[in-house]
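Below is one structure, written out as structure tokens; comments come after it.
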Amino acid sequence: MRVGIYLTPKSFTNPTGQAKHATNMALCLCRQPGVEAVLLAARDQLAANGQMPPGSPLSGLPVRTLPLPARVLHFLWRTFNWPPVDRWCEKVDWVYSPTEVYVPARKARTAATIHCVNWFEDDLPWSHTEHNLVARCRMARVFLPIVQRTDLVLTVSEFLKRRICELFAVNGDRVAVVGNGVEDCFFEMGRRAVNSRPPDGTERYVFAVAYPDRRKGFDRLIELADELSHRNSGLKVWVAGSGLAPGQSLAEVRRVWGAEVAALLAEGLKRPNLELLGYRSASEIAPLMQQSVAVLVLSRYETFGIPALEAMAAGAPVIAAHHAGLPEVVSDAGAIMDPSRIPELADQIMRMDSSLDARAQCTMRGRARASHFTWQACVDRLVAEFERRA
């Protein structure tokens, strides 16, 4: 089987959800027995020599240059269904996009991945804000070509598959769940972990990976910091994520992220027990997770929740919101809670802090759960779908 994989590698700097998915799916697919894969990228996404940008984990893999800038290609593809990408990579059986980009082909079959549809939901706190309505129009231009034209729509959870079918009236037979995986550094941290608290004298904290917005539950983290402070718990709330760089000016945040995010961030900065760590790589996050009292994933809308899975693999207890796809991913391996009930959330954290047995039981279930989520398993499901539809 021959597969062309369309990527935008320059957007994978400081990778989080989609970029992690795209990078790891491409790496595993290029190593898959029986698959001959080639990367496809627009000319402005590659180095001057036509190879992957310096330092890219995809360096050394075969790549074909598409002779137009990515923004131009994306506009032409979604607006005119042209030019077909297999004019630059003949004889591929599938053209596969692991991100939310529609890529047309003349002869090959096409597949593209949808990672989130929160813009189209009507019952979320931000659904009818001006910002979201503008984003909904923009994202409709991205999503409609995928759901209307691709041979196969891919996604990451059964929850998201159901929402795609309902929101866009897509036949479920055209949608396949490939899932997400966990990088090896988290599993390695879990293998080295001991089921005990950090040594006396070290800071005690709960940990979260979140953008400074309501969708990721940053406002809940602020409320939790207040509750933990009120209880004199000594616990801090550490938050890693883009847009949270220490020393970043609020004016810059307002310019890049908008007024609401800047206002939330300003509130967070007032809490002495809430510490913003900025973007951290996977190898930095793994020990931060493992040494925490618990990892919090309090998103109001998470179609999968990679940080929850990473935390379980690393041997950390997980407390996750009962919203969207998180219960499906975490299952009974963590505490599923209503994140608006801050005192109950704090109670659960205090139990994890005070009981080594409770922590041990939770981490054991979490590591067992995470072991089923590998990037290789995701690629095996992808290839099986390609073969089934050949």
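Since we're looking at a predicted model, the values are computed, not measured. Side chains are part of it too, since the values below use all heavy atoms of this structure and drop only hydrogens, waters and symmetry mates.
- Within a 6.0 Å sphere centred on CD of Glu166, other residues, nucleotides and ligands contribute more than 12 heavy atoms.
- With salt bridges taken as basic N to acidic carboxylate O contacts below 4.0 Å, none links Asp86 and Arg2.
- Between Phe143 and Phe120, the ring planes are tilted. Angles from 30° to 60° get that label.
- The aromatic rings of Phe386 and Trp94 sit parallel to each other, their planes meeting at less than 30°, with 60° as the upper class boundary.
- Side-chain polar atoms of Tyr102 and Asn81 form a donor-acceptor pair below 3.5 angstrom.
- Side-chain contact check for Phe159 versus Leu326: every heavy-atom pair is 4.5 Å or farther apart.
- Of all non-hydrogen atoms in Met312 and Arg367, the two that sit nearest each other are O-CG, 3.3 Å.
- In this structure a side-chain-to-backbone donor-acceptor pair under 3.5 Å is present from Ser127 to Glu121.
- With sequence neighbours left out, the side chain to side chain contact (heavy atoms under 4.5 Å, CB included) criterion links Ala262 to Val253, Arg254.
- For Gln376, the side chain to side chain contact (heavy atoms under 4.5 Å, CB included) partners two or more places apart in sequence, or in a different chain, are Cys28, Gln32, Thr374, Val379, Asp380.
- Side-chain contact between Tyr301 and His323 is absent, with no heavy atoms from C-beta onward closer than 4.5 Å.
- With hydrophobic clusters built from ILVMFWY side chains whose heavy atoms lie under 4.5 angstrom apart, Ile114 does not share a cluster with Val177.
- Ionic pairing of Glu158 and Arg162 is not present here: no N-O contact between side-chain nitrogen and carboxylate oxygen is shorter than 4.0 angstrom.
- No more than 12 heavy atoms of other residues, nucleotides or ligands shown are found within 6.0 angstrom of NE2 on His131.
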Would Tyr6 and Trp77 count as a ring-ring contact (aromatic ring centres under 6.0 Å, His included) here? Give the steps. CA-CA 13 Å; Tyr6 178 75; Trp77 286 341; 5.1 Å; yes
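- At distances below 3.5 Å, not a single donor-acceptor pair connects side-chain atoms of Glu328 with backbone N or O atoms of Gly325.
- Ionic pairing of Arg389 and Asp151 is not present here: no N-O contact between side-chain nitrogen and carboxylate oxygen is shorter than 4.0 angstrom.
- The existence of a salt bridge linking Asp347 and Arg231 is confirmed by a sub-4.0 Å separation between a basic side-chain nitrogen and an acidic carboxylate oxygen.
- Between Leu345 and the options Asp338, Leu228, Leu224, a side-chain contact (heavy atoms from CB on, under 4.5 Å) holds for only Leu224.
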